[in-house]
There are 2 protein chains.
Amino acid sequence: MAQTTLDAFQVIADPSRRQILQLLSKESLTINALAENFDMSRPAVSKHIKVLYNGGFISIQTIGRQRHCVLKQDGFNAVQQWINYFDSFWQTKLKKLEDVLNIKAEKKINNH
Amino acid sequence: MAQTTLDAFQVIADPSRRQILQLLSKESLTINALAENFDMSRPAVSKHIKVLYNGGFISIQTIGRQRHCVLKQDGFNAVQQWINYFDSFWQTKLKKLEDVLNIKAEKKINNH
DNA sequence: AAAATGCGTAACTAAAAAGTTACATATATA
DNA sequence: TATATATGTAACTTTTTAGTTACGCATTTT
């Protein structure tokens with residue numbers, strides 16, 4: 001895991017990181033508690049955490065020697081916006097189709 | 001690009017592929033027309049197209065020797081749903097916070 | 001104070017992804 | 001029909017990513 005600063009899309013590309021986010025959506029967890037849910041080693045999880053942290057997907061609260069991971073909205077925003085862009089693309093497309101159909105329907109009514 | 005069948009999140013992890021989707025949101029384009037927008041070779045673009053196609057992000061209409069790429073909604077859905085899940089997570093969280101604040105406000109009114 | 005716990009990090013390996021060039025093939029054009 | 005065009009694919013190289021083990025360092029606990 002050479003680079004720990006990836007863009008939001010690269011952050012969520014990894015299935016393990018998405019699962020970490022899933023787990024954190026249920027409850028805040030420490031690094032070790034998270035690692036118990038995976039087959040991989042604890043350091044591997046630790047690195048994923050770093051990636052998620054740098055991407056703004058989680059925040060970390062250190063209590064003594066423990067680090068509690070909590071979901072953070074920032075990272076999700078980039079993805080949200082990207083999806084919104086294409087969402088409005090589809091809606092515009094649908095709208096255009098509707099307009100065409102309406103015009104056709106009107107013509108039918110006027111001609112008969 | 002060993003594997004051309006990736007999950008939706010891996011498909012959009014690549015910046016070039018996201019740019020292809022952007023370009024296609026403006027107009028349908030052939031493989032060559034797309035390749036003109038990139039520094040990489042035409043075969044490289046061709047492979048990205050394959051990945052996007054297998055992921056359900058685009059459909060392809062073959063006209064003679066040309067292949068016209070068009071956006072397709074299917075691929076976006078998985079990402080959309082994933083984002084929706086966390087979106088409702090944040091909304092629920094906000095709702096809970098509001099409830100707490102309302103209870104506190106009521107108590108204040110009742111006690112004075 | 002000694003031992004145990006909860007972590008981070010460095011150094012390395014293995015696997016996967018992205019790119020390249022060279023070539024094959026089908027369709028269109030002169 | 002010869003040539004140009006639009007593309008796919010195979011074989012290879014390079015780069016990135018994900019994982020490992022070994023180790024170090026605070027902070028707790030005994």
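Below, chains carry the letters A, B, ... as their sequence lines are ordered, and counting in each starts from 1.
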Report summary line: Atom CZ of A:Phe38 and atom C1' of D:dG19 are separated, to the nearest Å, by 14 Å

Query raised in the report: Looking at residues at least two apart in the chain, or sitting in another chain, which of them share a ring pair (Phe, Tyr, Trp, His ring centres under 6.0 Å) with A:Tyr53?
Result: none

Query - Separation of C:dA17 P from A:Leu6 CG (nearest whole Å) - result: 15 Å

Query raised in the report: Hey, is the main chain of B:Gln10 close enough, under 3.5 Å, to the side chain of B:Arg17 for a donor-acceptor pair?
Result: yes

Requested in this report: Rounded to the nearest angstrom, tell me the gap between atom CZ in A:Arg18 and atom C1' in D:dT17.
Outcome: 15 Å

Query - Pairs where residues 4-13 of chain B contributes a residue and the test salt bridge (Lys or Arg N to Asp or Glu O under 4.0 Å) is met, not counting sequence neighbours - result: A:Arg18-B:Asp7

Query raised in the report: Taking OP1 and OP2 of D:dT17, is either one under 4.0 Å from a side-chain nitrogen or oxygen of A:His48?
Result: no

**Report entry** B:Gln66 CD to D:dG8 P, straight-line distance once rounded to whole Å
**Finding:** 12 Å

Query raised in the report: Do A:Leu23 and A:Leu29 touch side chain to side chain, with heavy atoms closer than 4.5 Å?
Result: yes

Requested in this report: Please list, chain by chain and in numerical order, all residues satisfying ring pair (Phe, Tyr, Trp, His ring centres under 6.0 Å) with B:Phe86, sequence neighbours excluded.
Outcome: A:Phe76, B:Trp82

**Report entry** Base-contact (B) and sugar-phosphate-only (S) positions in nucleotides 24-30 of chain C, heavy-atom cut-off under 4.0 Å, - elsewhere
**Finding:** ---BS--

Query raised in the report: Closer than 4.0 Å, any side-chain N/O of A:Gln10 to the OP1 or OP2 of D:dT17?
Result: yes

Report summary line: Sorted by number, residues from residues 27-36 of chain A placing a heavy atom under 4.0 Å from DNA chain C are A:Thr30, A:Ile31, A:Asn32

Query - salt bridge (Lys or Arg N to Asp or Glu O under 4.0 Å) partners of residues 74-92 of chain A, not counting sequence neighbours, each pair once - result: none

Report summary line: Here the distance between atom C1' of C:dT13 and atom CE of A:Met40, to the nearest Å, is 17 Å

Query raised in the report: Could a donor-acceptor pair under 3.5 angstrom be found where the side chain of A:Lys47 meets the base of D:dT17?
Result: no

Report task. Could you tell me the separation between the CG atom of A:Asp14 and the P atom of C:dA15, rounded to a whole number of Å? Result -> 16 Å

**Report entry** Sequence neighbours excluded, every pair satisfying salt bridge (Lys or Arg N to Asp or Glu O under 4.0 Å) that has a member inside residues 88-101 of chain A
**Finding:** A:Lys95-A:Asp99

Requested in this report: Whole angstrom is fine here: how far is it from OH in B:Tyr53 over to P in D:dG8?
Outcome: 12 Å

Query raised in the report: D:dG19, C:dA22, D:dT17: which one has an atom nearest the side-chain heavy atoms of B:Pro43?
Result: C:dA22

Requested in this report: To the nearest Å, give me how far apart CZ (A:Phe9) and P (C:dA17) are.
Outcome: 19 Å

Report summary line: By side chain to side chain contact (heavy atoms under 4.5 Å, CB included), A:Ile63 pairs with (sequence neighbours left out) A:Gln61, A:His68

**Report entry** Side-chain N or O of A:Lys50 closer than 4.0 Å to phosphate OP1/OP2 of C:dT9
**Finding:** yes

Query - N or O in side chain of B:Ser46 less than 4.0 angstrom from D:dT7 OP1/OP2 - result: no

Query raised in the report: Considering the options A:Leu24, A:Leu21, A:Ile49, which one meets the side chain to side chain contact (heavy atoms under 4.5 Å, CB included) requirement together with A:Phe57?
Result: A:Leu21

Query raised in the report: Which hydrophobic side chains are connected to A:Leu101, either touching it within the sub-4.5 Å cutoff or through other members that do?
Result: A:Leu97

Query raised in the report: Does A:Ser41 make a side-chain N or O approach to OP1 or OP2 of D:dT20 shorter than 4.0 Å?
Result: yes

Query raised in the report: Starting at the 5' end of DNA chain D and moving along, which residue's nearest nucleotide shows up first, B:Ile49 or A:Ala13?
Result: B:Ile49

